[in-house]
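Report on the structure given below.
Fair warning: this is a prediction, and the values are worked out from it, not measured in the lab.
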Amino acid sequence: MLSKLMVLLLASLLCTSVVAETPFQQCPNSLQHPLRVKSSGWSRELEQTRNYTQLQAGLNAEDLPKLELQWAFVFADTNQPRSLPAITRDAIFIGSQEGALWALDRESGCAYWRFQARKPIRNAVTVVDLDGSSFVVFGDDEGYAYGLNALTGEQIWEIELDDNPMAVITGSAVYYDHYIYMPVSSFEVGAALNPWYNCCKFRGSINKLNIKTGERLWKSYTIPAEPAPSGRNSFGVMQFGASGAAVWSSPTIDVERQRIYFGTGQNYSSPADDNSDALHAIDLNTGERIWHTQFLSEDSWNPACGLGWLGTNCPEEKGRDYDIGTPPMLITHPSGEQLLVVGQKSGMLHAVDPQSGEKRWSKAIGRGGLIGGIHWGMASDGDYAYVPMSDLDIWGAVTPGAPNPSLSKVDLDNGDVVWQIPAIFDCNDEKGKAIKGCRNGLSAALTLIPGAVLSPGLDGVLRAHNPEDGSEIWRWDTKQKVQGVNGLSGEGGTLDAGGAVVADGQLFINSGYGGIISAGGRPGNVFLVFGL
């Protein structure tokens, strides 16, 4: 019998829907160059530590209780807004599940312009002022990258980054010195549910693009060799491998060494190879591999592994799907020593020498699971890493060991846990009744501001914790109905994926994470803007 997971995944592959267009109020004025970018991409700095200074954030721990909801933008026909916004002096650039990208006014929420992409936008938006022009770059769920005029929304270029029909861009672009570095992942892992499918031929990659023209300078595959025939499944259908090792998260730039670092997911099909569940370093200028370090071998997995006798496309390794979904953090210790720190869905935290790729230490912070473990992202102040833990079982799957949904402070010298607090479960309504889709755990990325760790919960509550002892110092429950400045009413839900962005005394966050890939999370359709 098919599990609930497999039934839902099959339905999602077979069904399509028409997404309603979100209304907006047109701004009476237009944007001007320079935009003066305040926050862009997954993290405002190339090292991906998500650590904001007082000058950058305009907020500290003492300011949090003073925050008020200034306005909300409500998306139509949406259950998981997850595009992390880019913030400039006057505007917010944000993508949506309907495939639209807006430039919204920071004060009023009116729209300077709207652009329609081919498919949903789930990655962070990147905005750059360069040589008298302003650019906005992002990717969509069809594997296309786009470059727009950030002042007008006019398309300058687009490029299909992979010819696999199930390629998708989930990881966020990184800009450095006139070029964009864009990762590519894939939905092909789900196609393996079909026993007549030739699983699998996709392999992840990083692409270097000219930000002005979209011209691709190089494409570096995570698996160097093209997948080759590897035998037939029990239905007689040819299989291919090695495949997979998708890049789900944003890469990290090392300016001094002229390198780019990124993590990979599991293999989709047999044979498993040493490129999956690994940290990779490639040359920034040529795309050539310098080193790669694997953290878990034999992790070849796809959803067919839960189909019983129909799961003929399940790899022989039957791995655990313990991707690296977090961007590597390039951390410079006060002593000057550098580390690459990366989290894994297994619940493991790893530290690696950025020069050689040699492992310094690995520590189990949690148990792990299909949706984390350490899922989307961490933060660091240079001395310590702050680590969210999900450890959530879904659809009856049982991960060995006791779950440990928590927030931890980890000493970067040795991986020792300085403090760890259990995730708080705030999932009952005012009558004490359990709220559907509300869960316990921390899956979304963290954000650091002076005196506070901003931690979005799967229960829909954004909390701030004291970095010294982990105590809670502020909270805001996003599971409430709001009226959008664009005329729609909406409601928040699960907090997941990109987490919170801060700039100039404002805090920005999406609320809602429902649908098939949320594995039963609480849907929502609001983008919230807080200010002093």
Side-chain angles (χ1 to χ4, degrees), residues 4-5 8-9 12 69 72-85 94-97 120-124 170 248 325-326 345 366 369-378 388-395 397 403 405-407 422-429 433-447 454-465 472 475-482 484 489-501 507-530:
K4 183 178 179 181
L5 168 62
L8 290 173
L9 284 173
S12 71
L69 180 63
F73 190 82
V74 177
F75 301 98
D77 199 15
T78 291
N79 57 24
Q80 49 163 262
R82 57 185 286 187
S83 173
L84 205 65
I94 188 167
S96 74
Q97 198 172 354
I121 302 165
R122 64 163 88 183
N123 53 2
T170 60
W248 291 99
T326 66
K345 283 168 57 178
L370 283 175
I371 55 173
I374 306 169
H375 203 184
W376 288 112
M378 305 172 291
M389 190 65 56
S390 171
D391 274 8
L392 182 67
D393 279 329
I394 56 173
W395 288 306
S406 57
L407 176 65
I424 303 168
F425 189 41
D426 190 1
C427 285
N428 291 326
D429 61 20
K433 186 177 179 181
I435 299 172
K436 183 178 180 181
C438 186
R439 294 164 156 175
N440 188 26
L442 304 176
S443 174
L446 304 177
T447 304
L454 299 177
S455 176
L458 290 173
D459 62 352
V461 180
L462 175 61
R463 297 177 176 85
H465 296 271
E472 183 180 308
R475 65 162 57 193
W476 186 285
D477 192 343
T478 70
K479 301 188 301 296
Q480 51 188 290
K481 295 180 180 179
V482 296
S489 60
E491 188 172 1
T494 293
L495 295 177
D496 209 340
V501 172
L507 185 152
F508 313 86
I509 193 165
N510 287 309
S511 183
Y513 201 77
I516 178 64
I517 65 171
S518 78
R522 183 172 176 80
N525 62 339
V526 298
F527 173 63
L528 306 173
V529 178
F530 297 86

Could you check W376 against D496 for side chain to side chain contact (heavy atoms under 4.5 Å, CB included), going step by step and ending with a plain yes or no? CA-CA 8 Å; W376 288 112; D496 209 340; 3.0 Å; yes
How close do [X] and [Y] get, heavy atom to heavy atom, and via which atoms?
X	Y	result
M389	D391	SD-OD1, 3.5 Å
L528	A72	CD2-CB, 3.9 Å
L458	N440	CD1-O, 4.0 Å
P81	G524	CD-O, 3.2 Å
L462	L507	CD2-CD2, 3.8 Å

For G95, is there any backbone N or O sitting under 3.5 Å from a side-chain donor or acceptor partner on S83? yes
Pair S443, S390: side-chain N/O donor-acceptor within cut-off below 3.5 Å: no
Going by atom types alone, do N123 and T170 pair a side-chain donor with an acceptor below 3.5 Å? no
Quick one: CD on Q80 to CD on Q97, what's the gap to the nearest 0.5 Å? 5.0 Å
Could you grab the distance from atom CZ of F75 to atom CG of N525, nearest 0.5 Å is fine? 8.5 Å
Side chain to side chain contact (heavy atoms under 4.5 Å, CB included) assessment of K479 paired with C438: CA-CA 9 Å; K479 301 188 301 296; C438 186; 4.0 Å; yes
Ring geometry between F530 and W476 (parallel below 30°, tilted from 30 to 60°, perpendicular above 60°): perpendicular
State plainly whether the residues E472 and R463 are in salt-bridge range, i.e. N to O under 4.0 Å. yes
Does the pair R475/D426 count as a salt bridge with the N-to-O cut at 4.0 Å? yes
Would you check, one step at a time, whether the test side-chain hydrogen bond (donor to acceptor under 3.5 Å, both in side chains) holds for Y513 with R82? CA-CA 8 Å; Y513 201 77; R82 57 185 286 187; 3.3 Å; yes
